[in-house]
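To start, the structure under review is shown below, and the notes come after it.
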Amino acid sequence: HTWKIGVVIANQDPETANQLALEALEGGANALWFSRRRPLAPAEKDRLLDGIFLEIIECTIDTEESRRGTGKLALDLLRAGKRPELPPVFCLRQQSGYFETIAYFRAVRYCWRLIADTCGLATPCQIKAFLHLTAEDPNQNMISSTVNAAAAVMGGADTIFLPPADGAGATSFYRRIARNVLNLLQEESHLNRVADPAAGSYFIEALTDHYASNIWSEFQQLSGQQAG
């Protein structure tokens, strides 16, 4: 299982955002998430994406407008008997603990597989992990962020966005450390060479079943509300 190393670039002018994106790509990132308050004009989009090879780089421009209505889009398509043209994307955050995060991510993928099998779909889902900081001290955040990143990997995330340990400051040093955590988990820890590192653990399997049961119950309730 190999994951993409993601970087979130939020609310910057197109030129600054482009510079940050190129820095991230040169440092090993291969997924970009531009978070913006408003849509971009064509000329702004050109400046934002200048020098970025979209053929090989996963790139998302996320605005409030682009998010509107996406929560029920896949469900609406399934209810209408239509097949989603693209794999559904689940944007997930870490849970309260290491094992909980692993189990939660695994449960989401398992529940989508149930839905896909029931509807005769061969479309896998994509899980994007948006991790968040848990402390004010950057040194403490570097430790906890590494643990959270490992949990996202164990849970099967396809793209992992790990924030710099200094939060809003986001100096170039801490941006580099955040990317290198994910690089090291691949290149030194070799976690990308194992398909499902958590498989067979009784505790994690039981916790996965617990999350999956809750997710499935909420999905059935949502399906009933939409149908009504």
Side-chain angles (χ1 to χ4, degrees), residues 3-40 44 47-49 51-52 57-67 70-71 89-105 108 126-189 191:
W3 63 93
K4 292 185 177 180
I5 298 172
V7 171
V8 175
I9 301 173
N11 300 320
Q12 300 284 350
D13 62 85
E15 290 78 10
T16 302
N18 177 261
Q19 293 173 6
L20 291 172
L22 294 178
E23 173 198 83
L25 297 176
E26 290 173 359
N30 51 9
L32 301 171
W33 185 282
F34 296 102
S35 179
R36 306 191 58 80
R37 297 187 181 92
R38 61 173 180 82
L40 290 165
E44 291 178 313
R47 294 198 298 271
L48 177 70
L49 301 178
I52 299 174
I57 299 299
E58 180 183 296
C59 183
T60 302
I61 301 177
D62 177 49
T63 66
E64 183 178 347
E65 181 176 325
S66 68
R67 291 191 297 270
T70 57
V89 176
F90 297 101
C91 298
L92 306 180
R93 289 186 174 274
Q94 71 218 41
Q95 297 298 293
S96 58
Y98 177 74
F99 296 114
E100 288 81 1
T101 298
I102 297 173
Y104 177 57
F105 284 18
V108 169
Q126 291 285 314
I127 293 179
K128 296 184 186 296
F130 288 84
L131 307 180
H132 57 268
L133 303 178
T134 58
E136 295 183 1
D137 177 34
N139 295 317
Q140 185 176 344
N141 279 329
M142 282 193 286
I143 296 172
S144 60
S145 292
T146 302
V147 173
N148 291 330
V153 170
M154 295 284 189
D158 298 290
T159 307
I160 302 175
F161 296 90
L162 186 67
D166 61 342
T171 61
S172 60
F173 171 77
Y174 286 108
R175 291 197 298 269
R176 178 169 61 86
I177 293 297
R179 295 191 303 269
N180 283 348
V181 166
L182 295 170
N183 275 313
L184 287 170
L185 289 176
Q186 285 188 355
E187 303 299 334
E188 299 292 336
S189 299
L191 292 182

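Nothing here was measured: the structure is a model prediction, and the numbers come from that model.
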(message) Show, in sequence, the C-alpha distance, side-chain angles and deciding distance for Cys91 and Trp33, and conclude whether the side chain to side chain contact (heavy atoms under 4.5 Å, CB included) test is met.
(response) CA-CA 12 Å; Cys91 298; Trp33 185 282; 4.0 Å; yes
Gap separating the [atom1] atom of [X] from the [atom2] atom of [Y], nearest 0.5 angstrom:
{"X": "Phe34", "Y": "Asp62", "atom1": "CZ", "atom2": "CG", "result": "12.0 Å"}
{"X": "Phe161", "Y": "Lys4", "atom1": "CZ", "atom2": "NZ", "result": "9.5 Å"}
{"X": "Thr146", "Y": "Leu162", "atom1": "OG1", "atom2": "CG", "result": "7.0 Å"}
{"X": "Lys128", "Y": "Phe90", "atom1": "NZ", "atom2": "CZ", "result": "12.5 Å"}
{"X": "Leu20", "Y": "Arg175", "atom1": "CG", "atom2": "CZ", "result": "5.0 Å"}
{"X": "Ile57", "Y": "Leu25", "atom1": "CD1", "atom2": "CG", "result": "5.0 Å"}

Would you name the heavy atoms of [X] and [Y] that are closest together and state the gap between them?
{"X": "Leu40", "Y": "Pro14", "value": "CD2-CG, 4.3 Å"}
{"X": "Arg179", "Y": "Ala24", "value": "CD-O, 3.6 Å"}
{"X": "Phe105", "Y": "Ala129", "value": "CE2-CB, 3.5 Å"}
{"X": "Glu23", "Y": "Ser172", "value": "OE2-CB, 4.0 Å"}
{"X": "Ile160", "Y": "Leu182", "value": "O-CD1, 3.6 Å"}
{"X": "Thr134", "Y": "Asn141", "value": "N-OD1, 3.4 Å"}

Salt bridge or not for Arg36 and Glu44, using N-O below 4.0 Å? no
#### Entry: Full working for side chain to side chain contact (heavy atoms under 4.5 Å, CB included) between Trp3 and Gln186
CA-CA 9 Å; Trp3 63 93; Gln186 285 188 355; 3.0 Å; yes
- Is a donor on one side and an acceptor on the other found under 3.5 Å between the side chain of Thr101 and the backbone of Gln95? yes
For Leu49 and Cys59, run side chain to side chain contact (heavy atoms under 4.5 Å, CB included): C-alpha distance rounded to whole Å, both residues' side-chain angles, the deciding distance at 0.1 Å, then the answer.
CA-CA 9 Å; Leu49 301 178; Cys59 183; 3.8 Å; yes
Distance-only criterion, 3.5 Å: show the donor-acceptor pairs between side-chain atoms of residues 148-159 and protein atoms not counting sequence neighbours.
residue	atom	partner	partner atom	Å
Asn148	ND2	Ser144	O	3.2
Asp158	OD2	Arg109	NH2	2.9
Asp158	OD2	Ile127	N	2.8
Thr159	OG1	Glu58	OE1	3.4
Thr159	OG1	Glu58	OE2	3.2

Across all chains, not counting sequence neighbours, the side chain to side chain donor-acceptor pair (under 3.5 Å) partners of Gln140 are none
For residues 8-17, the side chain to side chain donor-acceptor pair (under 3.5 Å) pairs (sequence neighbours left out) are Asp13-Thr16, Glu15-Arg47
Given side chains that start at C-beta, do those of Pro163 and Leu131 come closer than 4.5 Å, heavy atoms only?
yes
| Do Ser145 and Leu133 touch side chain to side chain, with heavy atoms closer than 4.5 Å? | yes
